[in-house]
Student: 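Take a look at the following structure, please.
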Amino acid sequence: MKAAGHSDSLDARSRSLLRSLIAQYIADGQPVGSRTLAKSSGLDVSPATIRNIMSDLEEAGLVAAPHTSAGRVPTAQGYRMFVDSLLEMRPLGEPQVEQLRRELPTGAATPALLGSASALLSQITRFVGVVSVPKHEEFPFRHIDFVTLDAGRILVILVFADGQVQNRVIETQHAYSPSELEQTANFLNANYAGMRLDEIRRRLLRDITEEGARLNRLLLAAVDVAQQSFQAPGDSDVLVSGQTNLMEVHELSEIDRLRDLFEAFQRKRDLLQLLERCSRADGVRLFIGEESGFAALDNYSLVTAPYGVGNRVLGVLGVIGPTRMAYERVIPVVATTAQLISGALNRSGATP
């Protein structure tokens with residue numbers, strides 16, 4: 001979660017004043033003046049000394065002075081130093097963890113579980129909760145059934161190990177009888193259950209090669225139907241909850257600032273790419289302002305943590321909010337929610 005900063009070049013007094021300024025600004029959202037800082041910092045220094053230190057911090061790019069105020073506000077660099085070097089992070093207490101655990105549905109299929117996580121993150125932080133949804137093929141296949149619709153059209157009912165059920169309609173060149181489809185389903189369930197879809201496709205190709213000219217009618221039917229049934233589903237998705245919460249943050253209430261972000265929520269592609277980058281990080285990842293490289297997030301911060309089963313990352317969840325967020329509160333909530341989601345998925349049997 002760390003990034004390069006100026007922390008090594010600041011003395012203890014400057015670090016203390018920067019910490020006090022950011023804490024004050026996060027609390028009330030108003031530029032912090034020297035007199036306020038003199039009271040809140042607890043340091044025995046004059047306002048003139050504080051003004052000199054503030055000038056040095058401004059020159060270092062850690063604070064800025066809005067043109068409408070004599071006070072200072074933190075910059076993205078200032079927030080970064082605050083999070084990396086000055087913030088005292090504490091894990092959530094057991095009562096808070098238990099509250100989160102109670103809010104997440106037990107025994108729910110993955111979509112319901114992840115949807116609850118997105119809404120819960122938004123509800124607790126009062127910002128935007130985001131959760132990337134893994135593709136169906138990330139989970140092992142558990143069971144398949146076929147239902148004849150009409151000549152050459154078959155309803156495929158796929159059940160995955162995490163409880164998800166997907167219905168697909170496929171078209172085949174041969175019209176199979178209900179008996180043939182039942183035998184085919186039994187064959188696939190007996191030989192391929194517990195594998196992910198990409199593994200099944202590879203196994204089918206291997207079986208075809210090994211059988212060669214000796215392909216019997218059952219395997220021919222299985223190959224014909226299964227090649228379409230086990231095709232990879234569509235792209236990943238991202239669940240977004242609580243977008244309107246950002247309208248309550250006064251420094252983000254300008255409609256022009258929010259429009260780009262709301263449009264990005266609708267498109268989802270760029271946000272998914274950013275979350276995919278986060279999924280490769282070890283643990284919590286934080287982007288402040290322009291650090292994400294995603295223009296729609298230039299005025300926001302994104303806190304993420306990966307979730308998964310075993311040692312396999314399936315997706316990322318997180319919170320999007322103003323740079324003026326209570327990081328010491330939001331980061332542990334995101335990290336703990338990711339751990340609880342991973343635990344729920346492991347208990348559901350959705351193993352890789």
Student: For the residue pair Tyr25 and Tyr79, categorise the inter-ring angle as parallel (less than 30°), tilted (30 to 60°) or perpendicular (more than 60°).
Tutor: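 Ring orientation, 0 to 90° scale: tilted.
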Student: Less than 4.0 angstrom from a charged side-chain N to a carboxylate O is my criterion; do Arg90 and Glu328 meet it?
Tutor: no
Student: If you define the side chain from C-beta out and look only at heavy atoms, does anything of Asn186 sit under 4.5 Å from Glu182?
Tutor: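 Of all side-chain heavy-atom pairs linking Glu182 with Asn186, at least one is under 4.5 Å.
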Student: Could you check if a side-chain atom of Phe141 sits within less than 4.5 angstrom of a side-chain atom of Ile200, using non-hydrogen atoms only?
Tutor: yes
Student: Answer yes or no: is there a side-chain heavy-atom contact under 4.5 Å between Tyr307 and Leu340?
Tutor: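 Not touching, per the 4.5 Å side-chain cut-off.
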Student: On a heavy-atom basis, which atom in Arg72 and which in Ser55 lie closest, and how many Å separate them?
Tutor: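 Closest heavy-atom pair between Arg72 and Ser55: NH2-OG, 3.7 Å.
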Student: Going by the rule salt bridge (charged side-chain N to carboxylate O under 4.0 Å, His left out), which residues pair with Glu263 if we only count those two or more places apart in sequence or in a different chain?
Tutor: none
Student: With sequence neighbours left out, what residues match Arg102 under salt bridge (charged side-chain N to carboxylate O under 4.0 Å, His left out)?
Tutor: none
Student: State, with a plain yes or no, whether a side-chain heavy atom of Tyr300 is found less than 4.5 Å away from one of Thr323.
Tutor: no
Student: Side chains of Leu37 and Met54: does their closest heavy-atom pair fall under 4.5 Å?
Tutor: yes
Student: Is the closest basic N to carboxylate O distance between Asp11 and Arg15 below 4.0 Å?
Tutor: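 Looking at Arg15 together with Asp11, the answer is no, because their closest N to O distance does not fall below 4.0 Å.
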Student: Please list every donor-acceptor pair under 3.5 Å in which a side-chain atom of residues 115-124 meets a protein atom from a residue at least two apart or in another chain.
Tutor:
unit_1 : atom_1 : unit_2 : atom_2 : d
Ser116 : OG     : Ala112 : O      : 3.0
Ser118 : OG     : Gly129 : O      : 3.1
Ser118 : OG     : Ser241 : N      : 3.4
Ser118 : OG     : Ser241 : OG     : 2.7
Ser122 : OG     : Phe127 : O      : 2.9
Ser122 : OG     : Asn245 : ND2    : 3.0

Student: Say you draw a straight line from CZ of Arg312 to CZ of Phe139; how long is it, rounded to the nearest 0.5 Å?
Tutor: 8.5 Å
Student: Could you tell me whether Arg101 and Glu103 make a salt bridge, using a distance below 4.0 angstrom between a side-chain N and a carboxylate O?
Tutor: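 Not counted as a salt bridge, because no side-chain N and carboxylate O are separated by less than 4.0 Å.
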Student: Rounded to the nearest 0.5 Å, how far does CG of Leu181 lie from OG1 of Thr172?
Tutor: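 The distance works out to 8.0 Å.
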Student: Give, for atom CE of Met325 and atom CD1 of Ile320, the distance between the pair rounded to the nearest 0.5 Å.
Tutor: 9.0 Å
Student: Within this structure, what is the CG-CG distance for the pair Leu158 and Asn167, rounded to the nearest 0.5 Å?
Tutor: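 If we round to the nearest 0.5 Å, Leu158:CG and Asn167:CG are 8.5 Å apart.
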